[in-house]
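When reading the values below, keep in mind they use all heavy atoms of this one structure, side chains included, and skip hydrogens, waters and symmetry mates.
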Amino acid sequence: MKWILHFILSAAAVLLWANVLPGISIASFGVAVIAVLIMGALNLIVRPILFFLTLPLTILTLGLFMIVLNVIMIWLAAWITPGFQIEGFLPALFFGILMAITNAGIDRALQGDEA
């Protein structure tokens, strides 16, 4: 049950940050839900493969390439999701940072509900 609440709050966060950040547009809450589903699937399936393939570059940059990998995942999700557009590297970077912070806050807030 907790994962459903996390999922809905993440979709709301996608919609919020898309409306706040310039260069990012999302058509509706339904599109945000689909975007969260696609981002989750990409992070589950594609990200480990890309991480393995770019491991030497990640080591060489002391982990900073993981930021670029995160932006690639967001761009890929926007490319797959109709109604979700990102115009440029910096909007995708800021969106990724804000979503990571927001999801960490959601995780922390929902930890207290485990009783």
Side-chain angles (χ1 to χ4, degrees):
M1 183 68 176
K2 186 170 73 169
W3 65 273
I4 294 173
L5 183 58
H6 189 286
F7 177 76
I8 292 169
L9 290 173
S10 292
V14 166
L15 190 61
L16 168 74
W17 296 128
N19 286 323
V20 170
L21 292 172
I24 298 177
S25 63
I26 198 151
S28 65
F29 184 73
V31 173
V33 168
I34 293 169
V36 169
L37 278 173
I38 290 174
M39 281 190 271
L42 289 173
N43 283 330
L44 184 68
I45 298 166
V46 177
R47 187 183 186 110
I49 296 168
L50 287 179
F51 175 75
F52 179 73
L53 292 174
T54 61
L55 188 59
L57 190 55
T58 302
I59 292 171
L60 186 64
T61 61
L62 302 175
L64 290 177
F65 190 75
M66 290 300 297
I67 296 170
V68 175
L69 193 60
N70 191 30
V71 170
I72 291 170
M73 292 288 97
I74 292 169
W75 265 341
L76 191 55
W79 181 68
I80 293 171
T81 309
F84 181 32
Q85 295 178 342
I86 297 179
E87 301 169 7
F89 180 82
L90 284 179
L93 176 66
F94 292 137
F95 181 77
I97 291 170
L98 289 172
M99 282 304 298
I101 292 168
T102 304
N103 279 328
I106 291 169
D107 285 339
R108 185 162 180 132
L110 294 179
Q111 273 181 344
D113 290 344
E114 289 188 31

* Asked: Do the side chains of Phe84 and Leu93 join up, straight or via other hydrophobic residues, at under 4.5 Å, putting them in one cluster?
  -> yes
Side chains of residues 15-42: which donor-acceptor pairs under 3.5 Å do they make with residues two or more places apart or in other chains?
residue: Trp17; atom: NE1; partner: Thr102; partner atom: OG1; Å: 2.9
residue: Asn19; atom: ND2; partner: Leu15; partner atom: O; Å: 3.1
residue: Ser28; atom: OG; partner: Gly30; partner atom: N; Å: 3.4
residue: Ser28; atom: OG; partner: Val31; partner atom: N; Å: 3.4

Under 3.5 Å donor-acceptor pairs involving side-chain atoms of residues 60-83, not counting sequence neighbours:
residue: Thr61; atom: OG1; partner: Leu57; partner atom: O; Å: 3.0
residue: Thr61; atom: OG1; partner: Thr58; partner atom: O; Å: 3.3
residue: Thr61; atom: OG1; partner: Phe65; partner atom: N; Å: 3.1
residue: Trp75; atom: NE1; partner: Gly88; partner atom: O; Å: 3.4
residue: Thr81; atom: OG1; partner: Ala77; partner atom: O; Å: 2.7

* To do: For Met99 and Asn103, run side chain to side chain contact (heavy atoms under 4.5 Å, CB included): C-alpha distance rounded to whole Å, both residues' side-chain angles, the deciding distance at 0.1 Å, then the answer.
  => CA-CA 6 Å; Met99 282 304 298; Asn103 279 328; 3.9 Å; yes
* Would Val46 end up clustered with Ile86 when hydrophobic side chains under 4.5 Å apart are linked, directly or stepwise? -> no
Could you list the donor-acceptor pairs under 3.5 angstrom formed by side chains in residues 47-54, with sequence neighbours left out?
residue: Thr54; atom: OG1; partner: Leu50; partner atom: O; Å: 2.7

